[in-house]
Number of protein chains: 2
Amino acid sequence: MPIRTGPVVVPAAVIKRLPMYYRYLQVLVDEGLERISSRELSQLMGITSSQLRQDLSYFGEFGQQGYGYKVTELYQAICEILGLEKQYKTVLVGVGNLGRALINYQGFSRRGLNLKGIFDNNPAIIGENINGFTVRSVEELRPYLQKEGIQIGVITTPASAAQEIADILIAGGVTGIWNFAPQHISTLEDVIVENTHIGDGLLSLFFKMKHQERLELK
Amino acid sequence: MPIRTGPVVVPAAVIKRLPMYYRYLQVLVDEGLERISSRELSQLMGITSSQLRQDLSYFGEFGQQGYGYKVTELYQAICEILGLEKQYKTVLVGVGNLGRALINYQGFSRRGLNLKGIFDNNPAIIGENINGFTVRSVEELRPYLQKEGIQIGVITTPASAAQEIADILIAGGVTGIWNFAPQHISTLEDVIVENTHIGDGLLSLFFKMKHQERLELK
DNA sequence: TAGATTGTTAATCGATTAACAATC
DNA sequence: TAGATTGTTAATCGATTAACAATC
């Protein structure tokens, strides 16, 4: 789905690449690099310089002719575009294997995800402590959301429970859902659902390995 | 990159959707559903029935006019297409936060990823036991690969180490690399690299939430 | 200034969708 | 048989790339 920012419509394909720009620029900032050209950056990333410049043009003018881009300036611009200045209060629902992995992974707090509570419907694990979070009953979810002003819900339940949980999250005022369940989530218009399936990349890898000898040489 | 299977060239966009078909069909098989039409399945998945039928047509004819698809048959066909009948011997390099999360996550073994060894260069954690795996020194990686006949390497190191590790993996005979580092990996022609960045979905969610009021209504 | 590199236009390329003949 | 639904064609739509005037 394309997005309108001011008078400009940003294509879906461009939005999907923004996090990639963020990742690469973060590394370059850490390395202390001062300037980079679209040609150099695009080569690092394995895309064309044309695409890089075209993508950035949807958001403004960030470079200087004959010079290129100042790395920290471009990085900050991308952070601003992505909305990384904010912190989002978040709950996670579904403390299975995947849920536990995500709770233990610190990478998201760096990006502004502020995990407040974790929930499950399995009595056997309610009360358990994981990485400093106590597992709460799903029964408590609905009131918790409003009391704490939760903005984002992470769904790591089985497919069968995902829509039901999404409905509770939405009723509780959440405006963003990060869904890991293999289930399409239906929502009202003003709730954003983002689907992530970490196993998908592995299956693509298997497919390409299987058909390796028949890879198009292009 | 499109892939040629037999006489047919499969578009990259189709390959990216194959794991999604796998996920949804797996759920339907578990639920014991016998038949489904392209219209029903596509609605579940949030795509058009046209796209579903078009996608499948690159691999053969799996349905019956007037009836639809037999769920288990279609599921098995997708498994076959993805190459899920095999097991792949795998190592993981980089036992940081993300690496630990992946080692603890059981979801991959179900799909045919057979983790054999885990490696890091930090002396402080070499010898540590994680989910039944002992952390080995990266020094041992190269000989280990050949001795064990490892086929896939998972890279969860910082960006700065990723290419160096990839070179060792390739020299050791690995033909598939699943890269989680924010670093483009250069390889020889017959090594497949698949990049996965779990944080990207979160950033897309932030972006869309920030620009929510300006969403294209379409 | 001369060389480098941007931002943008327009052409090309690829992906999606609508529509329908074929047929179970 | 009649109704339903596939597989496929062709048209539409969107994304990528090449090229270059503008300019630092």
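First the proteins, then the strands, lettered A, B, ... as listed; each starts at 1.
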If you only use heavy atoms from C-beta on, which nucleotide in [options] is closest to the side chain of [X]?
| X | options | answer |
| --- | --- | --- |
| A/Arg17 | D/dT6, C/dT8, D/dT16 | D/dT16 |
| B/Pro11 | C/dA15, D/dT5, D/dT16 | C/dA15 |
| A/Gln54 | D/dG7, C/dT17, D/dT16 | D/dT16 |

In this structure, how many angstroms lie between the [atom2] atom of [N] and the [atom1] atom of [X], rounded?
| X | N | atom1 | atom2 | value |
| --- | --- | --- | --- | --- |
| A/Leu41 | C/dG7 | CG | C1' | 16 Å |
| B/Phe59 | D/dT6 | CZ | P | 18 Å |
| A/Leu74 | C/dT5 | CG | P | 15 Å |

Between B/Arg35 and D/dT5, is there a contact of a side-chain N or O with OP1 or OP2 at under 4.0 Å?
yes
Answer yes or no: does a side-chain N or O of A/Thr48 lie under 4.0 Å from OP1 or OP2 of D/dT17?
yes
Applying the Watson-Crick and G-U criteria (both distances under 3.5 angstrom) with [ ] for crossing and | for other-strand pairs, one obtains for DNA chain C ..||||||||||||||||||||||
Sequence-distant partners of A/Tyr88, ring-ring contact (aromatic ring centres under 6.0 Å, His included), two or more places apart
B/Phe206
Counterpart residues, ring-ring contact (aromatic ring centres under 6.0 Å, His included), relative to A/Phe180 (two or more places apart)
A/Trp178
For A/Glu80, is there any backbone N or O sitting under 3.5 Å from a side-chain donor or acceptor partner on B/Lys210?
yes
Between the main-chain N or O of B/Phe62 and the side-chain N or O of B/Glu73, is there a donor-acceptor pair closer than 3.5 Å?
no
Going 5' to 3' along nucleotides 19-24 of chain D, which nucleotides have protein heavy atoms under 4.0 Å from the base (write B), which only from the sugar-phosphate (write S), and which from neither (write -)?
B--BBB
Residue pairs meeting side chain to side chain donor-acceptor pair (under 3.5 Å), one or both in residues 110-120 of chain A, sequence neighbours left out, come to none
Only distances under 3.5 Å count here; give the side-chain donor-acceptor pairs of residues 10-18 of chain A to other protein atoms, sequence neighbours excluded, each with its distance to 0.1 Å.
residue, atom, partner, partner atom, Å
A/Arg17, NE, A/Asp55, OD2, 2.7
A/Arg17, NH2, A/Asp55, OD1, 3.1
A/Arg17, NH2, A/Asp55, OD2, 3.4

